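This report concerns only the one structure given below.
The structure presented is a predicted model; accordingly, all values stated were derived computationally and were not measured. When a residue number appears, it is its place in the shown sequence, counting from 1.
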Amino acid sequence: VQLQASGGGLVQAGGSLRLSCAASGGTFSTYGLGWFRQAPGKERDFVAAISRSGGRTYYADSVKGRFTISRDNAKNTMYLQMNSLKPEDTAVYFCAADRSNSFTYSVNFNHYDYDYWGQGTLVTVSS
């Protein structure tokens, strides 16, 4: 499976961006999917995840109420709608897929558990 993240950019605090993650190959609709982010000099942190059907979603406390994860299995694409952005949201955002866990009953918060990764897209939020 190849994942391609896009949609990053420069935005002012309070603004919005929508990230996309397009997949090719594999069986996209069976994978649990997630978004992670990594700021310079910091660890790669969990942001959000979604079950294979889209019926279950999970969020880091820092983004709850501001970010929304979704997926369109017909288009092999996942999205992350980011509203009310803050300077502390500045990071490279990565999409990832877990081929062995659909996230229907539980989710993996650790990036080590994911099998496939996109290349990352930079989000910069200015104050």
Side-chain angles (χ1 to χ4, degrees):
V1 174
Q2 291 188 327
L3 303 176
Q4 179 80 28
S6 62
L10 173 64
V11 64
Q12 288 189 329
S16 298
L17 281 175
R18 188 174 84 151
L19 305 184
S20 298
C21 178
S24 59
T27 50
F28 179 84
S29 64
T30 68
Y31 301 148
L33 303 174
W35 287 99
F36 287 77
R37 65 187 181 186
Q38 188 166 18
K42 295 192 175 181
E43 294 287 321
R44 188 167 296 190
D45 292 331
F46 172 82
V47 175
I50 189 167
S51 65
R52 67 178 185 178
S53 69
R56 295 289 301 271
T57 57
Y58 310 83
Y59 296 94
D61 288 343
S62 59
V63 306
K64 273 181 186 175
R66 300 188 298 122
F67 291 11
T68 302
I69 189 172
S70 61
R71 66 190 293 168
D72 185 337
N73 287 339
K75 296 182 178 179
N76 282 2
T77 304
M78 172 177 64
Y79 306 96
L80 185 68
Q81 177 66 44
M82 305 186 295
N83 298 330
S84 302
L85 283 161
K86 305 175 181 180
E88 51 263 43
D89 294 319
T90 295
V92 177
Y93 283 70
F94 298 89
C95 58
D98 187 328
R99 66 184 176 188
S100 58
N101 187 348
S102 67
F103 296 171
T104 300
Y105 304 107
S106 65
V107 66
N108 289 327
F109 295 104
N110 193 321
H111 63 90
Y112 294 110
D113 292 318
Y114 289 72
D115 302 292
Y116 307 111
W117 288 87
Q119 84 290 358
T121 184
L122 176 63
V123 172
T124 303
V125 184
S126 63
S127 57

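- Rounded to the nearest 0.5 angstrom, Tyr79 OH and Asp72 CG are separated by 5.0 Å.
- Gln81 CD to Leu17 CG: the interatomic distance, rounded to the nearest 0.5 Å, is 8.5 Å.
- Contacts of Tyr59 classified as ring-ring contact (aromatic ring centres under 6.0 Å, His included), with partners at least two apart in sequence or in another chain: none.
- In this structure, Phe67 is a member of the same hydrophobic cluster as Val11, with clusters built from ILVMFWY side-chain heavy atoms closer than 4.5 Å.
- Sorted pairs that involve residues 26-35 and meet salt bridge (Lys or Arg N to Asp or Glu O under 4.0 Å), not counting sequence neighbours, are lacking altogether.
- With rounding to the nearest 0.5 Å, the separation of CH2 in Trp117 from SG in Cys21 is 10.5 Å.
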>> Is there a side chain to side chain contact (heavy atoms under 4.5 Å, CB included) between Leu19 and Val123? Walk through the geometry before answering.
In response: CA-CA 9 Å; Leu19 305 184; Val123 172; 4.0 Å; yes
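- Remark: Lys64 engages Asp61 in a salt bridge (Lys or Arg N to Asp or Glu O under 4.0 Å) (not counting sequence neighbours).
- Under the side-chain contact (heavy atoms from CB on, under 4.5 Å) criterion, Thr104 pairs with Ser51, Arg52, Ser102, not counting sequence neighbours.
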Anything under 3.5 Å between a donor and an acceptor, one on a side chain of residues 38-50, the other on a protein residue two or more places apart or in another chain? List them.
{"residue": "Gln38", "atom": "OE1", "partner": "Arg44", "partner atom": "NE", "Å": "3.2"}
{"residue": "Gln38", "atom": "OE1", "partner": "Arg44", "partner atom": "NH2", "Å": "3.3"}
{"residue": "Gln38", "atom": "NE2", "partner": "Lys42", "partner atom": "O", "Å": "3.1"}

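- Thr30 pairs by the side-chain hydrogen bond (donor to acceptor under 3.5 Å, both in side chains) definition with Thr27, not counting sequence neighbours.
- For residues 98-127, no pair satisfies disulfide (SG to SG under 2.5 Å), with sequence neighbours left out.
- Counting heavy atoms from C-beta on, the side chains of Phe36 and Tyr114 come closer than 4.5 Å.
- Listed by first then second residue, pairs satisfying disulfide (SG to SG under 2.5 Å) with a partner in residues 98-127 number zero, not counting sequence neighbours.
- Applying the side-chain hydrogen bond (donor to acceptor under 3.5 Å, both in side chains) test to residues at least two apart or on different chains, the pairs with a partner in residues 3-25 are Ser16-Asn83.
- Arg56 contributes no side-chain N or O that, together with a main-chain N or O of Val107, makes up a donor-acceptor pair within less than 3.5 Å.
- Pairs engaging residues 107-127 under the salt bridge (Lys or Arg N to Asp or Glu O under 4.0 Å) rule: Arg99-Asp115 [sequence neighbours left out].
- Between Ile69 and Leu33, the shortest heavy-atom contact is CD1-O, 4.4 Å.
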Distance-only donor-acceptor hits, side chain of residues 87-98, under 3.5 Å, sequence neighbours excluded:
{"residue": "Asp89", "atom": "OD1", "partner": "Arg37", "partner atom": "NH1", "Å": "2.9"}
{"residue": "Asp89", "atom": "OD1", "partner": "Arg66", "partner atom": "NH2", "Å": "3.0"}
{"residue": "Asp89", "atom": "OD2", "partner": "Arg66", "partner atom": "NH1", "Å": "2.7"}
{"residue": "Asp89", "atom": "OD2", "partner": "Arg66", "partner atom": "NH2", "Å": "3.4"}
{"residue": "Asp89", "atom": "OD2", "partner": "Lys86", "partner atom": "N", "Å": "2.8"}
{"residue": "Thr90", "atom": "OG1", "partner": "Pro87", "partner atom": "O", "Å": "2.9"}
{"residue": "Thr90", "atom": "OG1", "partner": "Val125", "partner atom": "N", "Å": "2.9"}
{"residue": "Thr90", "atom": "OG1", "partner": "Val125", "partner atom": "O", "Å": "3.4"}
{"residue": "Tyr93", "atom": "OH", "partner": "Arg37", "partner atom": "NH1", "Å": "2.9"}
{"residue": "Tyr93", "atom": "OH", "partner": "Asp89", "partner atom": "O", "Å": "2.6"}
{"residue": "Asp98", "atom": "OD1", "partner": "Ser100", "partner atom": "N", "Å": "2.9"}
{"residue": "Asp98", "atom": "OD1", "partner": "Ser100", "partner atom": "OG", "Å": "3.1"}
{"residue": "Asp98", "atom": "OD1", "partner": "Asn101", "partner atom": "N", "Å": "3.2"}
{"residue": "Asp98", "atom": "OD2", "partner": "Asn108", "partner atom": "ND2", "Å": "2.4"}

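- For the pair Arg71 and Phe28, the distance from NZ or CZ to the six-membered ring centre is under 6.0 Å and the angle to the ring normal is within 45 degrees.
- We find the OH-CE distance between Tyr31 and Met78 to be 13.5 Å, quoted to the nearest 0.5 Å.
- Hydrophobic clustering, with ILVMFWY side chains joined whenever heavy atoms are under 4.5 angstrom apart, keeps Val1 apart from Phe103.
- Identified under the salt bridge (Lys or Arg N to Asp or Glu O under 4.0 Å) test for residues 4-15, with sequence neighbours left out: none.
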